[in-house]
There are 2 protein chains.
Amino acid sequence: MTQSSPLSARDRILQTASRLFYREGLRATGIDRIIAESGVAKMSFYRSFASKNDLIAEFLRQRHAAWMQRFRTGVEAGLAIPGAGLEVMADVLEAWFREPDFRGCAFINTLVESGPGDGEEVAIARAHKAELETYVAEVAERLGMLEPASVAAMAMLIIEGAIVRAQMTGDPVVGGLCRILLAQLKAAEASSPP
Amino acid sequence: MTQSSPLSARDRILQTASRLFYREGLRATGIDRIIAESGVAKMSFYRSFASKNDLIAEFLRQRHAAWMQRFRTGVEAGLAIPGAGLEVMADVLEAWFREPDFRGCAFINTLVESGPGDGEEVAIARAHKAELETYVAEVAERLGMLEPASVAAMAMLIIEGAIVRAQMTGDPVVGGLCRILLAQLKAAEASSPP
DNA sequence: AAAGATAGAGACAGGTCTGTATCATTTCAA
DNA sequence: TTGAAATGATACAGACCTGTCTCTATCTTT
């Protein structure tokens with residue numbers, strides 16, 4: 001196989017597509033630009049991916065894996081500190097919000113861009129959020145919270161709200177608000193038995 | 001002026017565009033479809049609007065006014081009940097979530113669809129959220145809350161989170177979660193003096 | 001070193017989109 | 001009733017998009 005760059009053509013395409021799809025959007029990013037910035041011929045692209053939708057799906061799967069791993073790693077590190085609760089998630093999020101190229105959640109953005117049609121992309125986006133909620137519930141249970149499922153549903157609302165507010169305002173202080181709200185979930189549960 | 005329909009051509013265009021822009025998205029909705037469903041000629045369209053972007057801006061301004069009025073009316077009605085707090089906002093939102101053609105917040109969707117370019121549409125979207133936050137702060141102050149600005153910032157996070165969760169899951173039960181979280185803002189402030 | 005596979009570059013077809021121009025018809029006003 | 005303006009329908013130009021095809025150069029393998 002021809003290997004002019006350290007990465008394979010497929011990986012270069014995926015890397016370029018990840019950057020452009022997230023920064024500019026799915027529809028706004030054309031194949032021509034992806035192959036130009038990847039230094040790849042069009043036919044080489046279509047030998048690696050059946051269609052643009054295929055590339056989008058692969059981008060989302062890869063981003064899901066990377067995002068979840070980063071989130072899990074950050075949260076587990078925070079939970080190692082005694083007394084830590086769900087609010088450590090806000091710190092992980094805030095670090096993300098502070099990145100200069102932060103532009104919201106790729107999966108929310110995909111849902112919005114895809115419209116009412118329920119394509120594969122939307123399914124991947126929903127699956128991402130479902131897996132995140134499952135993880136949050138698992139952490140809530142590990143923390144000994146009484147109703148992990150309810151807590152996770154509320155935490156998801158807070159997390160998504162923080163992401164969208166960070167995207168809308170561009171102000172990372174949203175992370176602090178998110179932290180307060182997640183901490184309140186603990187306090188509220190302690191004071192209201194089911 | 002030619003008046004075959006009860007509404008003027010401009011109003012018919014705006015009505016059709018509002019429906020399609022919200023349901024299908026801004027980019028996914030073409031001028032051809034708007035004029036076809038409005039029963040209007042292309043030149044008549046371009047006599048009323050300078051460009052598609054002009055129509056989008058007008059759609060957003062109109063939707064902003066209508067949405068704010070509806071929200072204000074619902075909240076004020078809820079606040080008339082003694083003892084009511086910010087959580088009445090969740091009831092207004094839940095009624096919205098239950099509409100069959102609910103597809104999230106048009107202004108969040110606009111922000112996502114517009115990408116990194118800061119066009120007029122993005123400015124209108126941000127202005128909408130700013131005005132909403134101002135109103136929430138005003139209500140918080142009226143309710144005698146200690147820090148209306150902080151409360152409004154947190155309420156905005158919760159509100160946006162509820163909207164996105166309702167859009168993502170399609171489950172109106174999100175309204176109930178939103179209600180609990182907004183009510184907690186009151187309880188939390190009462191127990192934590194600045 | 002020679003032959004075959006693979007790569008990049010670019011032309012091309014077919015589709016969609018925005019915005020303009022044309023033309024016959026209808027509506028309003030004098 | 002007659003002339004002027006507005007409307008509907010449609011064709012058109014220019015741009016962009018996806019996906020296919022061709023040609024040449026380079027790399028791999030034998």
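Since we're looking at a predicted model, the values are computed, not measured. Residue numbers begin at 1 in each chain, while the letters A, B, ... track the order of the sequences.
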Which atom pairs link the protein and nucleotides 18-20 of chain C when you take only N or O atoms and keep those under 3.5 Å?
{"unit_1": "C:dT18", "atom_1": "OP1", "unit_2": "B:Lys52", "atom_2": "NZ", "d": "2.8"}
{"unit_1": "C:dT18", "atom_1": "OP2", "unit_2": "B:Ile31", "atom_2": "N", "d": "2.7"}
{"unit_1": "C:dG19", "atom_1": "OP2", "unit_2": "B:Tyr46", "atom_2": "OH", "d": "3.1"}
{"unit_1": "C:dG19", "atom_1": "OP2", "unit_2": "B:Lys52", "atom_2": "N", "d": "2.9"}
{"unit_1": "C:dG19", "atom_1": "N7", "unit_2": "B:Lys42", "atom_2": "NZ", "d": "3.1"}
{"unit_1": "C:dG19", "atom_1": "O6", "unit_2": "B:Lys42", "atom_2": "NZ", "d": "2.7"}

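Legend: residues meeting salt bridge (Lys or Arg N to Asp or Glu O under 4.0 Å) with B:Arg23, ordered by chain and number and at least two apart, are absent. Applying the ring pair (Phe, Tyr, Trp, His ring centres under 6.0 Å) criterion to B:Phe45, with sequence neighbours excluded, gives B:Phe49. The side chain to side chain contact (heavy atoms under 4.5 Å, CB included) test applied to A:Gln69 returns A:Thr73, not counting sequence neighbours. With sequence neighbours excluded, the residues that form a side chain to side chain contact (heavy atoms under 4.5 Å, CB included) with A:Ala162 are A:Phe97, A:Val174, A:Cys178, B:Leu157. Judged as a ring pair (Phe, Tyr, Trp, His ring centres under 6.0 Å), and not counting sequence neighbours, B:Tyr135 has no contacts. In this view, A:Asp32 and A:Lys42 satisfy the side chain to side chain donor-acceptor pair (under 3.5 Å) rule, not counting sequence neighbours. Residues that satisfy the salt bridge (Lys or Arg N to Asp or Glu O under 4.0 Å) test with A:Glu37, not counting sequence neighbours, are A:Arg19, A:Arg33.
Residue A:Glu37 contributes atom CD, which lies 14 Å from atom P of C:dA9 at whole-angstrom precision. One interatomic measurement links the two molecules: CD of B:Glu113 to P of C:dC17, which rounds to 14 Å at whole-angstrom precision. Between A:Arg10 atom CZ and C:dT6 atom P there is a gap of 17 Å when expressed in whole angstrom units. For the pair B:Arg47 CZ and D:dA5 C1', the computed distance is 9 Å after rounding to whole Å. If you take CD1 of A:Ile35 and C1' of C:dA11, they are 13 Å apart, rounded to a whole angstrom.
Bending across the helix from C:dA1-D:dT30 to C:dA30-D:dT1, expressed as the angle between its end axes from five pairs apiece, amounts to 10° (10° rounding).
Classified by interplanar angle (parallel below 30°, tilted 30° to 60°, perpendicular above 60°), the ring pair B:Phe107/B:His128 is parallel.
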